[in-house]
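Single-structure report; data block below.
Excluded from the calculations below are hydrogen atoms, water molecules and symmetry mates; all remaining heavy atoms, backbone and side chain alike, are included. This is a predicted model, so every value here is computed, not measured.
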Amino acid sequence: MTEPVSVEDFIHDTLKDINSPTESEFSTKISSIRQTVHALDEGLEADRSLLSKSRKYVKGVVSSGLGYADATHSLCDHLENLGQFALEPVDSNGSDLTAGLCQFSVIHRDLANMFKHLMQNLNSILVFPMETFLQGDLKSDLKKPFDKALKEYEYKYDKLKKEKLQTMKESGDYSADKFSAEM
């Protein structure tokens, strides 16, 4: 495989081709440019796939975390109910148990609220930008516009070649070696 074409080389060769198409070597580098574009497009597709999988996993973590926080809230509600049940004056040791259950419930409710907030932040910091990036910036397809531009270039190059050949034949200055050197 040939070495990828750098942006600077591509711009230099393109400007040279625009300024003096008969002296340009751009047409000889088209295959390496095509390979570079296809390699970049494949790399972008791999990045898009990896980012999509990462988004899926992070969304799973967020939904699991939110489910965990909701389950912890339910546990706290039940602990409070159990504490209220222990308040009933059946024996004298119920008050210690009631206070412990209520404190345990309060601590875990606070932890669940913080964890829920953490999951919401994770969603807004990671998932939302990933989705936005995947929907917008990473949607571009390099192959189609390149192939279209390449067809147009080859058409214009062939047209220029025919015109040059016709001009050389009309002036009687045609020779295969001279035509190849100019093209």
Side-chain angles (χ1 to χ4, degrees), residues 1-15 17-18 26 28-88 94-154:
M1 185 174 163
T2 60
E3 187 175 320
V5 177
S6 68
V7 174
E8 293 83 15
D9 291 342
F10 177 76
I11 291 173
H12 173 73
D13 291 339
T14 305
L15 289 175
D17 187 57
I18 291 171
F26 186 76
T28 60
K29 296 181 180 181
I30 287 178
S31 63
S32 62
I33 292 170
R34 179 181 286 136
Q35 288 176 348
T36 301
V37 168
H38 287 269
L40 286 172
D41 195 52
E42 288 173 8
L44 281 175
E45 186 60 38
D47 291 347
R48 186 180 301 125
S49 174
L50 182 66
L51 192 58
S52 179
K53 286 179 184 177
S54 298
R55 182 195 72 204
K56 179 182 172 185
Y57 296 143
V58 172
K59 280 177 96 171
V61 167
V62 168
S63 65
S64 298
L66 291 174
Y68 171 77
D70 290 340
T72 304
H73 278 287
S74 296
L75 173 68
C76 292
D77 291 340
H78 290 294
L79 287 174
E80 284 179 6
N81 289 340
L82 188 60
Q84 294 300 324
F85 178 71
L87 273 178
E88 294 177 6
S95 63
D96 292 339
L97 181 64
T98 302
L101 288 175
C102 288
Q103 287 177 350
F104 190 76
S105 172
V106 167
I107 290 170
H108 274 73
R109 187 176 303 279
D110 289 343
L111 287 174
N113 287 334
M114 286 186 247
F115 193 76
K116 187 173 187 176
H117 184 69
L118 175 71
M119 289 298 114
Q120 290 169 341
N121 285 344
L122 184 66
N123 187 44
S124 63
I125 291 171
L126 283 178
V127 176
F128 181 71
M130 282 182 183
E131 287 177 347
T132 304
F133 188 67
L134 282 170
Q135 291 172 356
D137 295 341
L138 209 53
K139 263 190 171 176
S140 66
D141 183 17
L142 296 177
K143 290 180 188 177
K144 290 178 185 176
F146 175 76
D147 289 339
K148 183 179 177 183
L150 183 61
K151 279 183 181 181
E152 186 178 329
Y153 174 80
E154 288 173 344

query: How many angstroms lie between CG in L111 and CG in L118, if you round to the nearest 0.5 Å?
result: 12.0 Å

field: Qualifying salt bridge (Lys or Arg N to Asp or Glu O under 4.0 Å) pairs, either residue in residues 51-65, two or more places apart
entry: K59-E131

Donor-acceptor pairs under 3.5 Å, side chain of residues 100-108 to any protein atom, not counting sequence neighbours: which ones?
from, atom 1, to, atom 2, distance (Å)
S105, OG, C76, O, 3.0
S105, OG, E80, OE2, 3.3
H108, ND1, F104, O, 3.3

message: Could you check whether any side-chain heavy atom of I11 comes within less than 4.5 Å of a side-chain heavy atom of V7, counting everything from C-beta outward?
response: yes

- line: All heavy atoms of P129 vs all of S124, minimum pair found to be CD-O, 3.4 Å

query: So, for L66 and K116, which heavy atoms are closest and what is the spacing to 0.1 Å?
result: CD2-CG, 3.7 Å

Distance-minimising heavy-atom pair for L134 and S52: CD1-CA, 3.8 Å

Option among L79, L75, T72, D77 that satisfies the side-chain contact (heavy atoms from CB on, under 4.5 Å) test with R109: D77

query: Below 4.5 Å, heavy atoms only, C-beta onward: do D17 and Y153 meet side chain to side chain?
result: yes

- request: Could you walk me through whether K29 and V5 pass the side-chain contact (heavy atoms from CB on, under 4.5 Å) test, one step at a time?
  value: CA-CA 9 Å; K29 296 181 180 181; V5 177; 5.7 Å; no

- prompt: Can a donor-acceptor pair be found between the side chains of H117 and N113 at a distance below 3.5 Å?
  reply: no

Rounded distance (nearest 0.5 Å) linking atom CG of N123 with atom CG of L126: 9.0 Å

task: Output every pair passing salt bridge (Lys or Arg N to Asp or Glu O under 4.0 Å) with a member in residues 60-69, not counting sequence neighbours, ordered by first then second residue.
output: none

query: When you look at R48 and E45, which way does the salt bridge (Lys or Arg N to Asp or Glu O under 4.0 Å) test go after all the steps?
result: CA-CA 5 Å; R48 186 180 301 125; E45 186 60 38; 2.3 Å; yes

message: Distance check, rounded to the nearest 0.5 Å: H73 atom NE2 versus Y68 atom OH?
response: 10.5 Å

